[in-house]
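One-based numbering, in listed order, for ligands and for the atoms of each.
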Amino acid sequence: MSVRNKEVQPIPVLMTAHRILFLVLDGIGDRPCPSLGDMTPLKAAETPVLDQLATAGVCGIMDTIAPGIRPGSDTAHLSLLGYDPYTCYTGRGPLEAEGSGIHMEPGMIGFRANYATLDSSGKIGDRRAGRIHDTAVLSNAVERGVDLSEYGVKVSFRSGAGHRAALAFKGEGLSHCVSSNDPKSEGKAPLEIRPLEESPAAMKTSRALAEFIQQSGEILGTHPINKERAAAGEKQANIILVRGAGEMGRLEPFSERYGMRGAVISAASLITGIGRVVGLDSIPVQGITGSVNTNLEGKVRAATGALETYPFLLMNIKGADESGHDGKPEQKRDFIHRIDAALAPLSDLDDTILVVCGDHSTPCSVKDHSADPVPVLIHGEGVRRDRVTRFAETDCAEGGLSRISGPSLLPIALDLVNRSKKFGA
Ligand code: ZN
Ligand code: ZN
């Protein structure tokens with residue numbers, strides 16, 4: 001019998017997905033908002049795509065770190081990736097530095113930085129240097145020009161979004177126990193850098209950091225960009241404010257811990273940095289801003305493309321968090337509606353366990369993160385359906401996952417793609 005004529009009987013197979021997409025809607029959770037008829041922005045938003053995923057999947061609510069713990073975005077994302085923030089979180093500086101493209105090695109000290117304006121009276125005139133952006137030329141000049149070889153320190157300095165930047169020191173005997181020069185408000189002189197403990201490492205690092213601020217200020221003060229800004233009546237970016245010092249720790253790479261390669265898509269350098277410190281590749285997307293005007297469609301396209309290469313992908317969408325911080329429930333609701341529309345291509349992803357969740361709540365009434373648990377849904381092959389038909393806080397709380405903790409989420413997803421290890425015989 002020829003192969004051509006052979007009748008192939010379809011073999012019924014029980015499908016198991018092979019890929020995991022974590023979609024983290026930053027700050028999505030909220031509390032009842034009076035201006036939305038006491039609904040949360042998520043409940044008030046029209047979300048047909050998320051509701052369809054919730055209907056076909058399993059839902060729950062989640063304490064990203066633990067009940068009553070108010071997470072930062074950084075500690076929340078570490079926890080969601082299965083890294084205990086209580087042991088491996090070393091401050092925001094190293095994460096921002098890594099997210100800005102500096103390769104942080106264990107022992108390096110990272111700092112958050114921003115360009116600011118020092119006026120002629122020696123006071124900070126603008127903590128954001130007139131909201132300067134596209135500062136790569138200035139940052140290159142600082143990185144190349146500052147010489148801390150006297151301290152045995154190699155300097156890396158990179159621009160972040162807008163007026164933001166990141167600084168890293170590499171050298172022997174350095175410490176993160178140093179203070180900031182940021183007076184935190186305008187009209188005050190920059191603070192003196194001090195060691196925060198009496199160790200030789202803290203004293204050496206504080207002297208090196210003070211020298212960095214001195215030398216970078218001289219480079220910036222005479223830079224042609226600042227001369228042009230002064231001539232145009234714009235605020236000069238002539239001082240760097242540093243804060244959030246942290247020492248880079250040693251984190252077990254994601255690929256070794258879970259046996260799968262992964263990537264991260266995020267506009268926020270903090271989140272990209274978290275991905276990179278655990279060895280996730282970062283995938284750039286044009287036009288993403290971390291704000292409500294972000295390029296959502298481009299992000300979703302990049303995600304579906306990345307899943308061809310990476311079996312694990314974390315995508316963070318930031319805008320709803322910003323609306324929560326600004327206390328704008330209507331804006332938050334409308335942005336969630338836009339997110340939902342952009343997610344349509346993810347509704348029929350094959351071979352993928354799709355996890356949608358928040359990293360924390362950012363209630364408009366609080367204008368900051370809260371410990372209120374976040375909604376979570378899991379959709380894909382093999383997932384048990386529950387009765388939840390709406391992706392919103394209280395609806396999800398009635399779902400089949402019940403109330404889970406953040407560090408449980410990845411193990412649940414790994415089990416659905418047959419990558420969990422059996423405990424016992
Ligand atoms: Zn967040
Ligand atoms: Zn936030």
Do [X] and [Y] meet the criterion of a side-chain donor-acceptor pair at a distance under 3.5 Å?
{"X": "Tyr115", "Y": "Ser139", "answer": "yes"}
{"X": "Glu381", "Y": "Thr16", "answer": "no"}
{"X": "Asp340", "Y": "Thr47", "answer": "no"}

Decide, yes or no, whether a salt bridge links Lys43 with Asp395 under the criterion of side-chain N to carboxylate O below 4.0 Å. yes
Taking N, O or S atoms only and a limit of 2.8 Å, check whether [X] reaches the Zn ion (ligand 1).
{"X": "Ser73", "value": "yes"}
{"X": "His77", "value": "no"}
{"X": "Asp359", "value": "yes"}

Are Phe22 and Leu354 close enough that some pair of their side-chain heavy atoms sits under 4.5 Å apart? no
Backbone or side chain, does Asp368 get an N/O/S atom under 2.8 Å to the Zn ion (ligand 2)? no
Please state the angle at the Zn ion (ligand 2) spanned by OD1 of Asp321 and NE2 of His369: what is it, rounded to 10 degrees? 100°
Students often mix this up, so state it plainly: with edges at 30° and 60°, are the rings of Phe169 and Phe111 parallel, tilted or perpendicular? perpendicular
Find, among atoms of His325 that are N, O or S, the one nearest to the Zn ion (ligand 2), and state its name. NE2
What does the angle at the Zn ion (ligand 1) come to, between atom OD1 of Asp26 and atom NE2 of His360, rounded to 10°? 110°
